[in-house]
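Take a look at the structure below.
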Amino acid sequence: QKLDDSLDQDIYPEDDSITYTTDKAGNILAPVQIFDGEEVCFLLRNKIKTPREKWIRKLKDGLVVFLGDTKAPRGKTIPQFLSITDCIDLVAFMILNTFGHYPPAGKNIQDPPYQIKKRVPTADELEFFSWSMEILCVLQQICTHQQKLLPSSPVTRVVIRYVSIRIMTESMAWLEAAAMSSEKPEVVSEKLALESFLHACSLLNQFAEGDLAANNLFAKQVAPEDSNAQENGAAIPRYSYLWVDKLYLPCYSARLLSWLTQSVILALRHPVPTNEAGSDAMDVDNDTEELALLYWSCIEKSATLFFACCFVDLFVTSLVADPHCDQLLLAIDNILRLPPTEEAHINRAKYVFLKVLVALSENDEPYFLDYASKIQASYSVAGLVSREAARVLEYVELVMFIDETSDVPSSAVVAREALRVAELLSYDSNFVKLVTENLTQFILEYLSFPPERFALFFQVENSFPQYVTALIFRIIANLHCYNPSVSPPDQKHYLINKIYYFFTTIFVPNAEGEITRTSNLIIANIATNLWILFQRVTELFSFTLQELELWRSFMGELQRAVNLIFPPPTGVQATAPARVPVAQQKPRPPPRPTDDEYFTESDLDDEELEDDADEFVLAPAVKPANIKDSLPAVSTPFPIDLSGPTTCILQGLSVCFGVVPDPEGLKNLITLHGGSVIGYVTKTVTHVICGHDLGSVEASASKIQSAEAKQVPVVSEKLIHDSIKEGRLLHERAFLVASHSYLRRVKTA
């Protein structure tokens, strides 16, 4: 249907005068005749330069490419028409044959089928790479259903992946050799090398993005029509990966990092192109400008492909194990150092690299930020991210909504994405102090808006001001959080101390003894807006219990440190305008991994919750009872049945094992029913699982100690088996084997 809707305007209607033979599955078959495949490819080379309606027909059974005149076929060596997929097959195998490889027909081949060597191609080879990959790109753009492309031809998928990555490798090798040469490279060959790299990368991007969209990885949720099935614990249908899960292979993943870092190095040697975004590089008369445009496009395309692969855990695992991973942070550092501007290419480069940081920072296993914290460049990157995030102040009253479909991200989008990264960094103990140092003044300036204007930030649902203000709520909670087991020793009260410093240095004497103003902070506005922020977020959004308690603690300590009053006196409170009615289901502010959520099950209504919040006293921790003393000395193994269908009974469950009798079997069982297992106790773990016997619990002492520090419940594995048996996630209360207080991070039925 999407294909029908998108091509109605520029494709001729079905031509009933020609009969098209189809197979049993309804696929259009090629004409039964011997034809020259290479000649067809050369003909396609010319046709893609002409309007699409002259050579593409939309039919009931698919799309066909008309190679000859409809009334007068071209002759015996050229068929009158071919289906789109046949054309893709022809071009892909022609490229493979040019490399000297001829796989046997009708047999599957391994992936990759042949070794990829880093060689420098000739000028003629570069010309062939450029136009042949351009044909594949155009044909793929016409095939809008990426997830259904070539479902019955795995060999073609392997061939396209192999030739694309080989062409990118050899094109980049030519560019690196030219950059190191003392002689100036030939401009024509340099352009061909860049175009070859771009066409091949664009092709892989189309496949990868379609793959991720089909598997719904970006949203990490089922389609709306599957919501009932999800709630009832039924199996959630998933599409199979065709492309992305192959790019993490060692022979491919290391190349993605190399392409990205080399693209940045090469592009920064050229000026930023000044032509309008989206203009055709071939229409630019100046060679220097055209080359700059191609080099900067290489950054954008390779970073986009890298971003798509960051959603595959095995790719991130191989990335952090790569000894050259530090080059990624250096590349990001170089891009973020570029001055703030409205120039499209700089903003696109910054935006896609910030998206890469978001995808990597949200990854739990492996935890990328732990690895990054060991590299000095990461702290420079964190500082630059904070600088970009602080530019939100320039746009919060100017921009209401963001056009997410635009190919040219604005500076406001870049600032918003930087604030997302800053929120993730503020949640990490390795970077929290640095973020506090860099963003405290920005937060206070943001809160210094006149209260009547600040209240308007919450008026429009899903707007830019509402989104960034909700992010600031989270950042404050993260910066105030102090966990003695993981936080730096001097992090305790660090945010309060920084606020105290800025409050007491608003007015200072200069060298002549005159009192001068050093900042635009307005303490009365800050106090009022903090109260508005606390009220509005707790009214409009879902929030974690931990965030609520941290805000109570933060405002209570702020009262004592700088003598602020909460709630502010009536005379200084803003008169909040009438609120726009909101939907019954409240949206979350910014995204965060779903297994980090805590859903409060309190019966208190909103008014009672606010009255309680006024006291700003942390709720006492509950010391629950446990079943440890009633456990048997030796456990009888639970049967593990992995033959059943996939369900979402354990969705939202993120567990870490202590000592259990069959860790591999239990892991597979949890994964089968929608949960996840990681190797160590983090802030996102919902439960620590031990065996259902006294020996296993005592042997899990170190994990239980970590769970206590992070307030994670420790339960018997019986919780998993009984939940699956009941068809719903049970409350952990009846399965606790440790008595420390904990936070509930997952909702139970």
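Since the model is a prediction, treat every value here as computed from it, not as a measurement.
- Remark: the Arg337 side chain and the Ser380 side chain contain an N/O donor-acceptor pair separated by less than 3.5 Å.
- The closest donor-acceptor contact from the side chain of Ser361 to the backbone of Val358 lies at 3.5 Å or more, if one exists at all.
- Side-chain contact of Ser553 with His480: a donor-acceptor pair under 3.5 Å is present, judged by distance alone.
- A donor-acceptor pair under 3.5 Å is formed between the side chain of His740 and the backbone N or O of Val712.
- No side-chain donor from either of Glu300 and Trp296 sits under 3.5 Å from a side-chain acceptor of the other.
- Between Val432 and Ser487, the closest side-chain pair of non-hydrogen atoms is not below 4.5 Å.
- Side chains of Leu393 and Phe449 form a contact here, defined as non-hydrogen atoms less than 4.5 Å apart.
- Looking at Glu417 and Arg420, a side-chain N of the basic residue comes within less than 4.0 Å of a carboxylate O on the acidic one, giving a salt bridge.
- Here the two rings, on Phe473 and Trp551, have centers that are under 6.0 Å apart.
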Enumerate donor-acceptor pairs with a distance under 3.5 Å from any side-chain N or O in residues 517-526 to protein atoms, sequence neighbours excluded.
residue	atom	partner	partner atom	Å
Arg517	NE	Ser519	O	2.7
Arg517	NH2	Leu521	O	2.7
Thr518	OG1	Thr505	O	2.3
Thr518	OG1	Ile506	O	3.2
Asn525	ND2	Ser448	O	3.0

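- The line from CG of Asp333 to CD1 of Ile375 is 12.0 Å long, rounded to the nearest 0.5 Å.
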Can His345 and Leu293 be said to form a side chain to side chain contact (heavy atoms under 4.5 Å, CB included), step by step?
CA-CA 8 Å; His345 293 279; Leu293 178 60; 3.1 Å; yes
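- Aromatic rings of Tyr446 and Phe457 (six-membered ring for Trp) have centroids within the 6.0 Å cut-off, being under it.
- Between Val399 and Arg416 the shortest side-chain heavy-atom distance does not fall below 4.5 Å.
- Under a 3.5 Å cut-off, the side chain of Asp428 and the backbone N or O of Asp370 do not form any donor-acceptor pair.
- Two rings, from Tyr379 and Phe431, have their centers less than 6.0 Å apart.
- Looking at Phe353 and Ile299, their side chains come closer than 4.5 Å, going by heavy atoms from C-beta outward.
- No side-chain heavy atom of Leu268 sits under 4.5 Å from any side-chain heavy atom of Tyr295.
- Using a 4.5 Å heavy-atom threshold, the side chains of Arg387 and Asn438 count as separate.
- Asn478 places no side-chain N or O within donor-acceptor distance of the main-chain N or O of Ser426, the cut-off being under 3.5 Å.
- Side-chain atoms of Ser378 come within 3.5 Å of backbone atoms of Ala372 as a donor-acceptor pair (strictly under, hydrogens ignored).
- The closest side-chain donor-acceptor pair between Glu437 and Tyr494 falls under 3.5 angstrom.
- The closest side-chain donor-acceptor pair between Thr440 and Tyr501, if any, does not fall under 3.5 angstrom.
- You'll find the side chain of Thr516 stays beyond 4.5 Å of the side chain of Pro509, heavy atoms only.
- In this structure, the side chain of Lys492 does not engage the main chain of Cys481 through any donor-acceptor pair within 3.5 Å.
- Between Arg391 and Glu394 there is a salt bridge, since a side-chain N of the basic residue sits under 4.0 Å from a carboxylate O of the acidic one.
- By the 4.5 Å heavy-atom criterion applied to side chains, Met555 and Trp531 are counted as neighbours.
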